[in-house]
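Before any comments, here is the structure.
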Protein chains: 2
Amino acid sequence: MTKPPSLQDVARAAGLSPATVSRFLNGSLHLPPETAERINSAIATLNYRPNPHARSLSRGRSDTIGLVVPDVANPFFARLAAAVEHHAGQAGLGLMLCSSVNRQTRELDYIERLRRNHVDGLLFTTNHQDEHQALRRAIDANRNIVVMDEDVEGTSVPKVFSDNLLGGRLAARHFLAAGHRRLAYVGGPRNIMTSRERARGFSEEAVTRGGEIVTELFGHYTMDYGRAAMEMLIDAYPEVTAVFIGADQVMYGMAQVAKERGKRLGADLSIIAYDDVGPLSLLDPPVTAIHQPVEDIGRIGFELLMARMAGDMSTPVIRLPVTLVERSSVRSL
Amino acid sequence: MTKPPSLQDVARAAGLSPATVSRFLNGSLHLPPETAERINSAIATLNYRPNPHARSLSRGRSDTIGLVVPDVANPFFARLAAAVEHHAGQAGLGLMLCSSVNRQTRELDYIERLRRNHVDGLLFTTNHQDEHQALRRAIDANRNIVVMDEDVEGTSVPKVFSDNLLGGRLAARHFLAAGHRRLAYVGGPRNIMTSRERARGFSEEAVTRGGEIVTELFGHYTMDYGRAAMEMLIDAYPEVTAVFIGADQVMYGMAQVAKERGKRLGADLSIIAYDDVGPLSLLDPPVTAIHQPVEDIGRIGFELLMARMAGDMSTPVIRLPVTLVERSSVRSL
DNA sequence: ATGAAAGCGCTAACAC
DNA sequence: GTGTTAGCGCTTTCAT
């Protein structure tokens with residue numbers, strides 16, 4: 001187990017200085033073919049590999065970005081991660097992944113990595129309220145960070161969201177057009193942007209068109225909360241005929257309980273879910289949904305981060321349109 | 001924009017040597033409270049942050065591991081990634097994610113990062129045949145690598161798989177017990193381990209019990225291939241009454257086509273899928289499946305990697321048992 | 001065009 | 001216990 005060869009060794013073997021070899025390898029120098037060949041063969045015979053840490057230390061950056069998501073196992077964030085990874089790979093950047101499980105310490109940890117220049121930039125996604133404004137402060141203390149999907153309120157960084165208000169409106173319009181009047185909303189935490197906006201778009205549009213919001217249930221973007229919400233809906237609000245659900249995951253939980261309790265979605269209770277990531281067309285019944293352009297969110301988030309890293313200090317807030325995909329979970333009354 | 005403080009600066013401010021401060025910060029030294037306090041307050045007033053690249057360069061490792069998967073957007077790999085990330089986080093390790101899209105250059109790139117010590121270890125997952133044995137060679141040229149889920153044949157590294165043979169047998173037994181005799185298999189590439197083993201376990205058990213394998217369709221672990229396979233099945237093998245499907249994704253494609261062509265799964269054609277990641281209980285019909293312990297695969301893969309990195313050069317091959325989860329996609333004849 | 005040399009910030013032998 | 005010192009391997013002024 002001998003020490004691996006360094007740039008020095010290559011330079012020596014090629015009869016050149018390390019500086020020249022370094023420049024050549026980084027493309028900042030064009031050498032006569034003969035010299036280039038000497039270097040290349042030295043590299044080949046020594047089996048030389050550049051050391052990325054030395055490079056990072058010297059240059060002060062790592063050609064790596066970070067992505068924090070609440071949970072990669074959630075299909076929405078999995079697809080977001082795939083999109084980001086794809087673009088990072090194209091740009092020659094590595095991707096560090098942090099699945100925060102919504103624990104603020106994990107999130108802050110990761111932002112700290114950015115401060116230490118462990119990563120050159122950070123794509124940030126969260127799912128819960130920013131307790132004590134700790135996230136806001138941490139995020140604002142950094143340059144190269146962009147927020148996706150869910151807001152961290154008060155921060156001034158580039159952001160990309162889907163148009164939650166529009167999504168809510170589309171859902172309301174669809175229900176009303178099908179003759180529903182007594183509606184409910186089931187979503188994530190009351191005090192986070194996505195949940196609030198989805199509820200607001202829904203209720204404003206519904207009321208405008210003569211509908212009534214019987215109840216708004218705020219909880220978490222989880223299957224478990226979906227289960228709880230469905231129990232409550234069945235027990236406490238039997239008059240509701242249609243529910244707008246803030247996320248696929250929540251809908252899954254609700255569908256389970258509906259099944260267990262013999263309530264037929266579509267026939268007995270109409271639903272529309274927000275996200276439209278899983279295979280909603282194959283469910284029983286196929287679920288009508290507000291489709292989020294998750295790949296676009298990832299791509300644009302990445303582009304915003306690149307712009308930041310290139311020195312653009314503007315703080316655009318981009319809202320991507322959503323569409324309603326009609327399937328069979330809304331019954332006409 | 002002044003230069004950030006270094007360990008040197010902290011040491012100076014605390015009236016100590018950098019070595020002492022370094023040792024103190026790394027916990028390899030216990031200082032009298034008074035001295036410790038001097039250091040801590042110096043750190044606080046200077047707002048000092050250690051530089052991870054300098055640390056990595058100096059120590060020759062990065063406290064980061066890599067994970068390569070064919071596609072994080074695929075729920076199976078998403079959950080695998082979540083499991084790995086969880087354990088890496090617990091162990092204080094960062095996680096670099098590579099979604100290879102099954103492109104061998106991406107896979108090799110990532111193995112190369114391991115060689116350069118960019119990451120200290122690598123968890124490797126692939127989905128396609130190892131063309132020209134390039135993967136085998138690259139993997140065998142490294143120490144700290146473990147293979148999960150799908151084999152890279154010929155490599156001598158720790159591995160963790162699910163028990164594909166068992167899965168095939170369970171599926172066959174279930175079909176036969178329900179009275180099915182004319183069976184088919186639809187799976188991934190013909191020449192990769194998971195696909196071969198699932199097919200083999202299925203056909204051996206089926207034949208033993210008096211069943212007949214009408215056809216085996218090998219393709220890819222994708223929805224698109226599922227669609228193609230279902231077309232073929234309907235058109236060319238109408239006598240088949242039950243199909244064992246090598247992956248959730250493939251099943252989704254088949255279910256779409258079944259729906260389009262008016263073939264009712266369960267009633268007209270019984271199916272069992274391998275994986276059981278998505279919400280199979282909510283599909284129409286709920287799909288009976290061979291359940292893969294994906295979180296365990298991730299955890300054990302991680303543990304094997306830790307053992308390797310700690311110097312254990314054994315090469316265990318672990319096969320995790322699978323179970324059949326009965327739902328309603330198999331009809332009794 | 002090419003080389004010499006000074007870092008980048010930290011860790012770890014080795015010494016006191 | 002604490003400090004001195006020599007790297008870790010690369011990049012990049014600054015000379016030549």
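Labels below follow one simple rule: chain letters A, B, ... track the order of the sequence lines, proteins then strands, and each chain is numbered from 1.
Distances shown here put a side-chain N or O of A/Thr20 below 4.0 Å from the OP1 or OP2 atom of C/dG3. Distances shorter than 4.0 Å separate some side-chain N or O of B/Ser22 from OP1 or OP2 on C/dT11. In this model, the phosphate group of C/dC8 is not approached by any side-chain N or O of B/Asn51 to a distance below 4.0 Å at OP1 or OP2.
The CG atom of A/Asp63 sits 11 Å away from the P atom of D/dT11 (whole-angstrom rounding). Residue A/Asn26 contributes atom CG, which lies 17 Å from atom P of D/dG9 at whole-angstrom precision. One atom, NE2 of A/His53, and another, P of C/dT11, lie 14 Å apart when rounded to the nearest Å. The CZ-C1' distance, from B/Arg116 to D/dC10, rounds to 13 Å in whole Å. The separation between A/His118 atom NE2 and C/dC10 atom C1' is 14 Å, rounded to whole Å. Whole-Å rounding puts the A/Phe24 CZ to C/dG3 P distance at 14 Å.
If you check residues 54-62 of chain B against DNA chain D, the residues with a heavy atom closer than 4.0 Å are B/Leu57, B/Ser58, listed by number. Residues from residues 6-16 of chain A with heavy atoms under 4.0 angstrom of DNA chain C, sorted by number: A/Gly15, A/Leu16.
Atom NE2 of B/His220 sits in a sparse spot, with 12 or fewer heavy atoms from other residues, nucleotides or ligands closer than 6.0 Å. Surrounding CZ of B/Arg319 are more than 12 heavy atoms belonging to other residues, nucleotides or ligands, all under 6.0 Å away. Environment of CZ in A/Arg116: crowded, with over 12 heavy atoms of neighbouring residues, nucleotides or ligands closer than 6.0 Å.
The distance from atom CG of A/Asp130 to atom CD of A/Glu153, rounded to the nearest 0.5 Å, is 8.5 Å.
Looking at heavy atoms from C-beta onward, A/Asn26 lies in side-chain contact with A/Arg55 at the 4.5 angstrom threshold. Under the 4.5 Å side-chain criterion, counting only non-hydrogen atoms from C-beta, B/Thr126 is in contact with B/His128. Taking the side chain as every heavy atom from C-beta outward, B/Phe124 and B/Met148 never approach each other to under 4.5 Å. Looking only at side-chain heavy atoms (C-beta outward), A/Val21 and A/Tyr48 stay at 4.5 Å or farther from each other.
The nucleotide whose nearest atom lies closest to any side-chain atom of B/Ser17 is, among D/dT13, D/dT4, D/dT11, D/dT4.
Remark: the backbone N or O of B/Ser156 is not paired with any side-chain donor or acceptor of B/Thr315 at under 3.5 angstrom.
Among the protein residues, B/Tyr48 comes within range of the sugar-phosphate backbone only, with heavy atoms under 4.0 Å from sugar or phosphate atoms but none that close to a base.
A donor and an acceptor atom never sit less than 3.5 Å apart when one is taken from the side chain of B/Arg23 and the other from the base of D/dG1.
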